[in-house]
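Here is the structure we will look at, set down as structure tokens.
In each ligand, atom 1 is the first atom listed, and ligand 1 is the first ligand listed. Since the structure is predicted, the reported quantities are computational estimates derived from the model, not experimental observations.
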Amino acid sequence: MNDKHVYFFGKDNAEGHKDMKDLLGGKGANLAEMAGIGLPVPPGFTVSTDVCNLFVESGNNIPSGVENEIHFNMKKLENLTGQNFGSEENPLLVSVRSGAKFSMPGMMDTVLNLGLNDKTIKELAAKGSGKRFALDCYRRLIQMFSDVVLEISKKKFEDILKTIKAGNNIVNDFDLSEKNLEELISEYKALVKSESGHGFPQDVQEQLLLAISAVFKSWNNPRAITYRRLNLIPDDLGTAVNVQQMVFGNFGERSATGVGFTRNPASGIKELYGEFLINAQGEDVVAGVRTPMPLNVLEEKMPEAYKELAEITTELEKHYRDIQDFEFTIQEETLFMLQTRSGKRTGQAAVKIAVDLVEEGLTSKEEALMLVEPEALNQLLHPVFDVEDKAKLDVLARGLAASPGAAAGQVVFTADEAVAWSKDGKKVILVREETSPDDIHGMSASQGILTATGGITSHAAVVGRQMGTPCVVGCSEIRLNEEKKMFTAGNVEIKEGEWISIDGTSGDVHGGQIATQPSEIIQVIEGKIKPQESMIYQDFNKLLQWADQIKRLKVRSNTDTPEDANMALAFGAEGVGLARTEHMFFERERLPFIKEMILAETEEERRSALSHLLPFQKEDFYGLFKAMEGYPVTIRTLDPPLHEFLPRKEDLMVELAVLKSSHSDQKEKIQELEKLLERVKTLSEFNPMLGHRGCRLGVSYPEIIEMQATAIFEAVCELAKEGVKVYPEIMIPLVGIKQELTNQKKIILCVAEKVMNKHKVKIDYLIGTMIEIPRAAITADEIAEEADFFSFGTNDLTQTVYGLSRDDGAGFLAHYLAHGIWKDNPFETVDIEGVGELMKMAVQKGRATKPHLKVGICGVHGGDPRSIYFCHEIGLDYVSCSAYQVPIARLAAAQITLREKKASEQPD
Ligand code: PEP
Ligand code: MG
């Protein structure tokens with residue numbers, strides 16, 4: 001641990017700088033930086049974040065060595081300012097503010113005007129703005145100090161203030177007279193005495209140490225802890241404390257305080273954007289007591305100070321090479337900078353600012369790429385709610401945010417109704433307990449999908465993402481009653497046809513209709529707006545092209561249809577990483593043949609059913625390969641358990657009972673249903689996710705794989721003859737032992753040869769496997785003997801490594817996150833220590849056998865930036881995600897390449 005704990009900053013002279021955020025917190029590091037480059041910053045010092053940890057470890061005590069450093073720096077501050085702390089002559093007043101490495105707005109505490117007491121106030125009153133100003137500072141100090149340090153309820157002070165204002169017919173605080181303020185201070189002091197048993201502390205050194213301690217303590221207040229959980233900020237970072245000479249925005253009509261941004265944080269437009277208040281202190285701007293004025297009014301009121309502010313903030317932007325969010329105070333028309341930091345911005349603004357900064361010559365393309373959070377791109381692709389409209393409606397329930405975007409529609413409870421209603425021009429939200437593949441038609445007709453159960457890799461979630469349809473899953477707060485066509489959320493009942501609005505980015509479900517705004521970029525991609533007419537599209541495209549020039553990972557898309565493939569290509573996909581063939585089986589005209597295949601009692605009967613399916617599958621693959629001309633397309637053989645293609649056992653039993661009791665002559669139908677029910681019973685499994693699925697189906701029914709392989713090779717041979725470039729990759733799911741792959745490969749090789757001979761064409765193709773069972777990862781060296789490539793199925797791998805059903809985890813996910821057992825949902829972000837370790841092992845072992853083995857990922861994690869960083873680090877060749885996540889993945893892949901480059905350039 002560092003011996004030095006306190007860092008001084010004064011004009012042109014600072015012991016810290018902007019890259020010391022770990023130690024000085026964001027505010028402290030930037031105050032030091034601004035002071036160091038000669039900007040007008042009131043001098044002061046920062047007590048480091050190390051001390052916060054020491055403070056907590058020692059049971060909330062400031063170590064004595066640190067106390068000495070604080071006193072030493074206080075002396076230095078006195079010398080520099082020519083003022084004395086606690087002196088009756090020319091007293092020094094200071095502010096004490098928190099400041100962690102990452103901004104945690106409003107979560108921790110601040111005390112202003114420290115150093116005032118019954119004596120120093122007299123001196124303050126004797127000069128400058130006079131007695132009223134001094135009294136105003138003192139009452140603010142007592143109120144803030146009592147709240148923050150003495151933990152006396154703020155409300156009690158507010159009540160006294162209200163009573164005095166009401167008794168004197170005063171509306172605004174600044175209209176309080178000297179007499180009113182004197183009365184207020186005396187009542188405040190009485191309150192402090194009665195609540196704490198002591199008078200308001202008059203010893204300024206005691207005030208200082210108590211205030212510093214209170215700020216350190218506030219690191220662990222409940223709201224700060226919750227904020228850290230939500231924003232993934234580690235608990236051990238600690239906050240720094242900044243002690244700084246006070247400057248006064250409440251010094252009279254020629255003084256002011258304000259906040260602003262160097263560019264508009266919502267749109268990204270270059271303009272000084274912010275607000276200020278005349279004759280006020282910082283907290284008045286955020287407290288919302290008075291309505292602040294926009295910064296352009298400052299130009300009229302104090303032109304000199306405004307000009308200086310514009311110059312300084314422009315310089316700050318140049319210096320930091322990013323949009324700045326700043327705080328300032330003007331004391332008697334002299335400007336002081338109190339804070340600067342990177343400004344939080346919307347996704348749209350982030351893209352525009354990054355591109356503009358490059359075009360203005362302020363930053364390099366590499367730096368610009370680091371200025372945009374990959375996930376912020378979601379905001380540019382999906383519809384969003386109107387903010388004001390949203391604020392009017394309460395949240396009814398909350399589920400898992402499974403597919404981003406906002407949607408409003410009338411509630412329907414079945415896929416067929418979704419289709420019928422949307423044909424009538426209605427907007428619908430499909431609400432289901434969970435969806436299954438035969439809901440697809442209804443899902444694609446809906447504006448949004450809401451399910452009561454299921455996790456982030458449930459059917460609804462996967463399909464929602466693939467379609468780009470907003471989706472909330474695992475919303476356990478809602479209770480469905482499909483018979484009555486309604487659901488309840490708490491006391492609220494929502495019936496079929498009523499409006500709800502769902503936010504697939506936050507997981508919120510609202511009753512009623514919230515207006516949505518469509519994404520301009522999607523409108524360009526769909527040809528509704530010309531690219532040259534959309535600035536945001538052009539900026540978006542530019543940024544992603546820069547990303548492509550840098551990234552090492554390829555980005556593919558999980559795509560099953562030519563339409564999705566075209567969308568994926570428009571988003572910049574470089575291939576298909578996973579085509580789930582089962583999704584193609586669910587179209588109405590195909591289902592009878594699927595059923596026939598499953599009900600078949602002999603291989604011959606099964607082959608006959610499969611022969612009907614073959615032309616459909618061939619057509620699917622033909623369309624997909626054609627759309628993806630020139631790019632690799634990975635087709636996975638059938639994966640889900642067969643019973644998923646059949647009706648539910650309970651539904652069949654009800655149907656049968658009804659038929660039998662109807663007394664009509666339905667013998668044939670009854671027999672057919674009885675046979676179906678028997679088959680459903682035979683196929684039913686206790687644990688279908690761990691049962692007869694994946695390659696196990698192909699081992700039992702090789703003719704299914706034969707049909708799929710025939711469809712693939714027929715399609716690619718035909719395309720090759722038409723001159724279309726195809727790169728087929730056939731992938732076997734759920735392999736756990738090399739022999740399974742050998743078995744399946746044999747079937748495919750045989751079909752490939754036969755079909756290519758028939759067409760007299762030769763096509764290069766790969767046969768690989770998913771790595772989604774721990775045993776496959778552990779024996780990856782053996783499996784690689786048979787595999788041309790690996791693709792991590794991290795949905796199943798997470799499920800099997802954790803021994804936790806991917807659909808049932810949603811029920812207790814919230815508890816695990818709240819207890820801090822999980823920092824993240826492992827079905828969303830790769831669990832690096834567990835699942836990740838197996839992935840690393842599989843890559844190493846696989847490449848020990850085949851050094852150039854191609855390795856990718858096609859689980860949900862392939863679209864998650866943090867998982868993408870990890871995939872880059874362990875040497876994967878590509879990630880595959882839904883079409884809408886492709887831009888996110890391109891940017892994330894570029895960022896990790898840049899980070900790696902930066903780290904390698906730094907000396908050890
Ligand atoms: C996986 O398991 O990660 C995967 C991509 O396959 P599926 O989600 O279809 O099981
Ligand atoms: Mg899988």
Atoms of ligand 1 less than 4.0 Å from Cys858 heavy atoms? 5 (C)
Can you list the atoms of ligand 1 that are under 4.0 Å from a heavy atom of Glu772? 1 (C), 2 (O), 6 (O)
Side chain or backbone of Asp639 under 4.0 Å from ligand 1, or both, or neither, by non-hydrogen atoms? side chain
Using a 4.0 Å heavy-atom cut-off, say whether Arg636 meets ligand 1 through its side chain, its backbone, both or neither. side chain
Going by heavy-atom distance to atom 10 (O) of ligand 1, choose the closest among Thr794, Thr798, Asp796. Asp796
Under 4.0 Å between a side-chain nitrogen and a carboxylate oxygen: does that hold for Arg606 and Glu703? yes
Take atom NZ of Lys554 as the centre, draw a 6.0 Å sphere, and report whether it contains more than 12 heavy atoms from other residues, nucleotides or ligands. no
Heavy-atom distances under 4.0 Å decide this one: backbone, side chain, both or neither, for Arg806 against ligand 1? side chain
Can you tell me the N, O or S atom of Asp796 that's nearest the Mg ion (ligand 2)? OD2
Counting neighbours of CD on Glu373 that are heavy atoms of other residues, nucleotides or ligands and sit closer than 6.0 Å, is the number greater than 12? no
Derivation of the ring pair (Phe, Tyr, Trp, His ring centres under 6.0 Å) call for Tyr727 and Tyr631: CA-CA 6 Å; Tyr727 297 97; Tyr631 289 110; 8.8 Å; no
Proximal ligand 1 atoms for Gly793, defined as those under 4.0 Å from one of its heavy atoms: 1 (C), 2 (O), 3 (O)
Indicate yes or no: does Arg847 engage Asp877 in a salt bridge with an N to O separation below 4.0 Å. yes
How does Arg693 reach ligand 1, if at all, at less than 4.0 Å between non-hydrogen atoms: by side chain, backbone, both, or neither? side chain
Which ligand 1 atoms are under 4.0 Å away from a heavy-atom of Leu578? 5 (C)
Check if Gln799 has a non-hydrogen atom at a distance under 4.0 Å from any atom of ligand 1. no
Indicate if the distance from the Mg ion (ligand 2) to the nearest N, O or S atom of Glu772 falls below 2.8 Å. yes
Looking at Asp548 and Arg890, is there a salt bridge between them, counting it only when a charged N and a carboxylate O are closer than 4.0 Å? yes
Without swapping roles, check the side chain of Lys551 against the backbone of Leu553 for a donor-acceptor pair under 3.5 Å. yes
Is the ring pair His612/Phe593 parallel, tilted or perpendicular, if the boundaries are 30 and 60 degrees? parallel
